[in-house]
There are 4 protein chains.
Amino acid sequence: MNPQKTFENLPDEKRQRILSEATREFADHGYHQASINTIVNKLGIAKGSLFKYFGNKQGLFEYLFGDAISQFKQPLKAIRDTDSGDFFQRIEKSFLASGAFTQSHPHLYRIYLKMLFNENFPLREKFLTEIRRAHDKFLRQLVEDGIASGQLRKDLDIDITVFTIHSIFDRFLQSHTVPTLDHGVGPSGQSLEDLAQAMTDLLRHGLTESPN
Amino acid sequence: MNPQKTFENLPDEKRQRILSEATREFADHGYHQASINTIVNKLGIAKGSLFKYFGNKQGLFEYLFGDAISQFKQPLKAIRDTDSGDFFQRIEKSFLASGAFTQSHPHLYRIYLKMLFNENFPLREKFLTEIRRAHDKFLRQLVEDGIASGQLRKDLDIDITVFTIHSIFDRFLQSHTVPTLDHGVGPSGQSLEDLAQAMTDLLRHGLTESPN
Amino acid sequence: MNPQKTFENLPDEKRQRILSEATREFADHGYHQASINTIVNKLGIAKGSLFKYFGNKQGLFEYLFGDAISQFKQPLKAIRDTDSGDFFQRIEKSFLASGAFTQSHPHLYRIYLKMLFNENFPLREKFLTEIRRAHDKFLRQLVEDGIASGQLRKDLDIDITVFTIHSIFDRFLQSHTVPTLDHGVGPSGQSLEDLAQAMTDLLRHGLTESPN
Amino acid sequence: MNPQKTFENLPDEKRQRILSEATREFADHGYHQASINTIVNKLGIAKGSLFKYFGNKQGLFEYLFGDAISQFKQPLKAIRDTDSGDFFQRIEKSFLASGAFTQSHPHLYRIYLKMLFNENFPLREKFLTEIRRAHDKFLRQLVEDGIASGQLRKDLDIDITVFTIHSIFDRFLQSHTVPTLDHGVGPSGQSLEDLAQAMTDLLRHGLTESPN
DNA sequence: TATGAATGAGAGTTCATTCAT
DNA sequence: GATGAATGAACTCTCATTCAT
């Protein structure tokens, strides 16, 4: 029988405990340095069980992160399907929604960040491309809508604009998720909401006024 | 005798070869996946020698990266000491100078990126704080100069502004250093110079116009 | 209740399928490398069932091979009960009958060959002795009949003769059962019948005397 | 540095102990069932050392058996280079020389026998072909010499003859090397020398012609 | 009776570190 | 000072066996 099925037939609580513990281990140590031994010891289950469920270490990681990817995308979809035509309102909502997600799933987000700069994660190309594409597609549509509706300057370079928003987006998320990165500098003392609004304002003025 | 002294008494060329090879290994594989075996084999020196020089793997890394930190800071100092009063000109110069540095020291920059999101690097806190502080101090001074000279809006939140410029800065560097991160989206096809100018323009409009 | 009884109460077809699949697995991989997992997966039955039937891996093997031993002996009995008095005709018939058996039960014969030189098979001593004794008893009677009837030299050493015939017998069987053992040398291209006749002739005349 | 070199630089005594212990383990348990743990524990050396010497389990086996192959061939070469023209004398010498070899290297010979009937040995094809070819080439030359010099019948089928001698050869060796295969039947009680002579005589005269 | 999830000892393998030469 | 052989803890992974359902 499909062994992954075995895992999915487990009681919900146990399944969540396993995924959660494994996620934490990968978040703390990255892929190669994460230890199956540590995971099963903390969980109090047999080593063999984990391998029954996922085949091998890579299988566990792929299951766990593939699962996370779809959750990553949820907030964005919700925003895009909003019928509000206001560009900056949607941007701000996006900031907040993504921030909320990374704050409630800090381990997943830390895995993502590790993966970004560590070439050794399995399926790294596939996963990163998937995330990147989703983000870009989402932002591009927002920008195009904004230009079409006259809220943004007609002469904006869409590539650059998407790239810039994306950059600020990323940094915004990072600053509120990875605690040890804040060393008393930067605006991290402020609330998520304040920061989101301030950044939206900054974008507002950069993107709307025509240059002389 | 202080064993690190042993290393510093080595012929310059040998010292450079060792640091260079070790840097490449850490850049390629991160800290834990980097292999002392690989390094000494490529160098053709005895394993024991490396441990004599640096005590252990961590000692090697700390020596190597501590050495690099000062180089990291060079481009910024050069800009700050420029007497040009034009804010956006200095920003653009900073983009270009940092871009030039990361392009000429790709291994160091890749170590930095890995370290950013991997908690397992030795002395990570210390090193990152040092880099971050230098950057922030530099940008803060630029922004304050810009406001004082009337080139920037008086009502700018300095923390947010520094943070935002820093974000775009980082993303700008990443996009020109980590090749596999570009998946056909984003403005990566453009030249370093074009991109620097475009981002500066975007900042110019976001930071100068007063809101209504 | 005797758990092996459970197995014998199974429908004939299922019992045969189980024995057949297990035999194939042991023939392919020997005793220790044979995998209970593989067997039950191919059969589509529960792992626990197999252990209920046979207690453990060794029990399965002993049941299966003990069952086979009696089949091994069949061809020899048939020859011995032939009343033909011609020694070499009976030898040739034996060659052919055994060859036919190993060709129709290749898995059993491969298990036998593996067992011959692998001390780790369970009940190896018992099984091999049983097979060897049956063969020797059969050949010894043929040789004694041959001497008594004047077809063989009176001064033959019976032990040596039986041993020699046995040797050629074994080699003959092996050459037609284990395909990968022939590497372009030896007479393997010939048919079973041709080979049987040639070897019988060789036994008849030896290497020096010219045939009439 | 070439790690196998490390092994070859070891003191002779240690090298022999390692090879001997490993050979015994493979002889006792075959390839897959042989345990590196057992070997290093019996030797009292670190597990890592064995892997330094040979890379992995397969490397150990290949080194060990490849080394043995050349030793296997030595006795045959010695016979072939003998200028004695007497066919049966050379055959008898071959029996004795090979018997002496397998008796003084019983573990190697047991590995060979296991390999013959177990498909899972690494490099099995290569090793077996090498041994088989050497034997066949040797016997073929003896038979051809025997026919040319008139000692053997002109009409002998060389393939069949070589095959038959080979068969008796193999069985002869087996009977004197694998102790547990003798179950009170067969001529194993006799000395190596007696058996060799008896089999040579049998080959000389066949089973029917009375000796003069 | 039949099931298949859980187990855990043991497998092969890696690698930073030590230390006698 | 330089060497590299030796170490052993830790790693991922396997599989016969058990037992609650």
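Throughout, a chain's letter reflects where its sequence line sits, starting with A, and its residues are numbered from 1.
- One atom, CZ of D:Phe51, and another, P of E:dA11, lie 11 Å apart when rounded to the nearest Å.
- The aromatic rings of D:Phe65 and D:Phe127 sit perpendicular to each other, their planes meeting at more than 60°, with 30° as the lower class boundary.
- The shortest distance between side-chain heavy atoms of C:Leu43 and C:Arg17 falls below 4.5 Å.
- Remark: A:Tyr53 is in phosphate contact with E:dA6, judged by side-chain N or O atoms under 4.0 Å from OP1 or OP2.
- Remark: of the listed residues D:Phe121, D:Phe61, D:Tyr112, D:Tyr109, D:Phe61 is the sole one forming a ring-ring contact (aromatic ring centres under 6.0 Å, His included) with D:Phe26.
- In the set F:dT3, E:dT13, E:dA6, F:dT3 carries the atom at the smallest distance from any side-chain atom of B:Ser49.
- Counting to the nearest Å, the C1' atom of F:dG4 and the CG atom of D:Asn9 are 11 Å from each other.
- Applying the 3.5 Å distance criterion, the base of E:dT13 shares no donor-acceptor pair with the side chain of D:Lys57.
- For D:Asn37, counting side-chain heavy atoms from C-beta on, the closest listed nucleotide (E:dA11, F:dT17, E:dG12) is E:dA11.
- A donor-acceptor pair under 3.5 Å is formed between the side chain of C:Lys57 and the backbone N or O of C:Ala34.
- Looking at residues 10-36 of chain A, you'll see A:Leu10, A:Lys14 sit with a heavy atom under 4.0 Å from some atom of DNA chain E.
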Given Watson-Crick or G-U pairs with both distances under 3.5 Å, what dot-bracket string fits DNA chain F, with | for other-strand pairs and [ ] for crossing? .||||||||||||||||||||

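- In this structure, the CG atom of A:Leu60 is 10 Å from the P atom of F:dC13, given to the nearest Å.
- Without hydrogens or angle criteria, D:Arg110 side chain to C:Phe117 main chain gives no donor-acceptor distance under 3.5 Å.
- Checking E:dT1, F:dA5, E:dA6 against every side-chain atom of C:Thr6, the shortest atom distance belongs to E:dT1.
- Considering only the side chain of D:Lys47, E:dT13 comes nearest among F:dC13, E:dT13, E:dT3.
- A ring-centre distance under 6.0 Å is not found for C:Tyr53 and C:Tyr63.
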